[in-house]
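First the structure, in the form of structure tokens, and then the observations on it.
Just the heavy atoms: all of them, side chains too, but no hydrogens, waters or symmetry mates, feed the values below.
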Amino acid sequence: MVLTDLHKGETAVVVRLAVEHEALKQRLLHLGLKEGKAVRLKTAMPFGGPVMIEVDGQAIGLRRKEASSIEVK
């Protein structure tokens, strides 16, 4: 399952960051998005727009492509 499969308000645990670009992966790690962390989907914009997640009380906006590269359970 990936982050974009969650419904609004659902919480999951990050299993793997399968992000293609190393710089983006480092950015996500610096923001606190790491394996084993709980994330909550706050909102997802329609028509393939960005998603807003919450990690450790911090809101992070991600492109849908990036969010679909983050595996959760």
Looking at side-chain heavy atoms only, is the closest gap between [X] and [Y] below 4.5 Å?
{"X": "Val51", "Y": "Thr43", "result": "no"}
{"X": "Val39", "Y": "Glu54", "result": "no"}
{"X": "Leu17", "Y": "Leu29", "result": "yes"}
{"X": "Met52", "Y": "Ile60", "result": "no"}
{"X": "Ile70", "Y": "Glu66", "result": "no"}
{"X": "Val72", "Y": "Val13", "result": "no"}

Looking at every heavy atom in both [X] and [Y], which two are closest together, and how far apart are they?
{"X": "Leu6", "Y": "Leu41", "answer": "O-CD2, 3.2 Å"}
{"X": "Thr11", "Y": "Ala38", "answer": "CG2-CB, 4.2 Å"}
{"X": "Lys8", "Y": "Lys42", "answer": "CG-O, 3.1 Å"}
{"X": "Leu3", "Y": "Ala67", "answer": "CB-O, 3.2 Å"}
{"X": "Arg64", "Y": "Ala44", "answer": "NH2-CB, 3.7 Å"}
{"X": "Gly32", "Y": "Val55", "answer": "O-CG1, 3.4 Å"}

Requested in this report: Please answer whether the main-chain N or O of Pro50 pairs with a side-chain N or O of Arg63 as donor and acceptor at a distance below 3.5 Å.
Outcome: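 A pair under 3.5 Å: no.
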Query raised in the report: Going by atom types alone, do Glu22 and Gln26 pair a side-chain donor with an acceptor below 3.5 Å?
Result: yes
Report task. Tell me whether Val19 is reachable from Ile53 by hopping between hydrophobic residues (I, L, V, M, F, W, Y) whose side-chain heavy atoms are closer than 4.5 Å. Result ->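 Ile53 and Val19: one cluster.
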Query raised in the report: Would Val14 and Glu71 satisfy side-chain contact (heavy atoms from CB on, under 4.5 Å), going step by step from the backbone distance to the final call?
Result: CA-CA 6 Å; Val14 176; Glu71 297 178 16; over 6 Å; no
